[in-house]
Amino acid sequence: MKDFFTKKKKYATVPSAKARQDVPEGIVRKCPKCKKIMYVKELKKHLFVCQSCGYHYPIGAYERAEMLFDADSYVEFDKNMVSLNPLQFPNYMHKLESDRKKTKLNEAVWTGKGRIEDCECAVAIMDKGFRMGSMGSVVGEKITRLIEYAGKQGIPVIIFSASGGARMQEGVLSLMQMAKTSAALKAFSENGGLYISIMTHPTTGGVSASFASLGDYNLAEPGALIGFAGRRIIEQTIGAELPPDFQTAEFLLKHGQLDQVVPRAELRTVLGRILSIHTEGSAEAWDRN
Ligand SMILES: [Zn+2]
């Protein structure tokens with residue numbers, strides 16, 4: 001009996017929950033998929049993709065802009081546009097303020113223009129760190145302005161989606177942004193504009209049901225969750241179990257709802273190809289790449 005109590009723990013080398021909590025976030029990060037611990041510096045070098053299992057860490061809008069554009073080629077638009085509290089939703093302003101501090105953004109989307117592989121384009125990048133990337137009036141307005149600007153300049157639009165959907169605290173004003181952004185894209189498209197949508201983890205709700213799905217090219221990052229309603233709601237509604245990979249980028253590609261799943265490390269090259277074909281207007285551009 002004594003032996004039983006004094007027996008050494010079989011998994012003594014695995015750090016305890018307490019020790020894991022003590023891992024300093026700013027220096028190392030643990031991969032949520034394969035649990036490998038890596039230096040942030042090393043992760044940054046690999047565009048925040050786990051080199052062990054390929055997991056794509058969600059990244060902030062400023063980090064994304066930095067790794068996307070040609071060096072020193074981009075500028076930000078409408079940086080100071082901020083949300084009001086039209087419904088007087090309790091605590092809303094306080095939550096916005098705390099997310100501003102956390103992300104350095106004033107809203108859940110970064111917009112601007114810059115060059116990718118030497119092609120000028122207008123780009124929006126959503127940041128899920130800001131109110132889960134939810135779309136309120138400012139997100140819709142910034143994206144609509146960007147599309148209209150690109151239309152006037154005759155340059156392509158690229159939107160990186162990362163969103164939990166419409167923003168609850170702005171009620172119907174949030175839902176209106178779905179129609180507003182979609183209408184702007186329709187006018188842009190009728191005018192011959194090129195729009196590339198890139199869905200990153202997660203692209204759900206009202207964002208997936210509006211501009212994120214309207215690209216001339218619909219691309220996604222590996223492993224991204226993409227869908228309108230959550231798995232549980234669908235299972236309850238249809239009374240059936242869904243496959244385990246349901247609503248992943250790979251599942252959508254297999255079922256014809258995406259054009260390509262593009263690893264982060266290849267994204268600039270893929271975008272460069274698409275942009276050069278459309279701006280130079282010939283297949284030679286593709287061959288050259
Ligand atoms: Zn991993």
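In listed order, ligands and their atoms are each counted from 1.
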The reported gap from NZ in K36 to SG in C50 (rounded to nearest 0.5 angstrom) is 6.5 Å
Evaluate E107 against S83 for side chain to side chain donor-acceptor pair (under 3.5 Å), listing each step before the verdict. CA-CA 8 Å; E107 253 300 333; S83 293; 2.5 Å; yes
**Request:** Assign the ring pair H278 / Y217 to parallel, tilted or perpendicular, where the plane angle (0 to 90°) is split at 30° and 60°.
**Result:** perpendicular
For Y195 together with F188, are the ring centres under 6.0 Å from each other?
no
Counting only protein N, O or S atoms and ignoring waters, those under 2.8 Å from the Zn ion (ligand 1) are C31 SG, C34 SG, C50 SG, C53 SG
Minimal heavy-atom distance between F228 and S208, with the atoms involved, is CA-OG, 3.7 Å
Those residues at least two apart in sequence (or on a different chain) that pass side chain to side chain donor-acceptor pair (under 3.5 Å) with Y39 are none
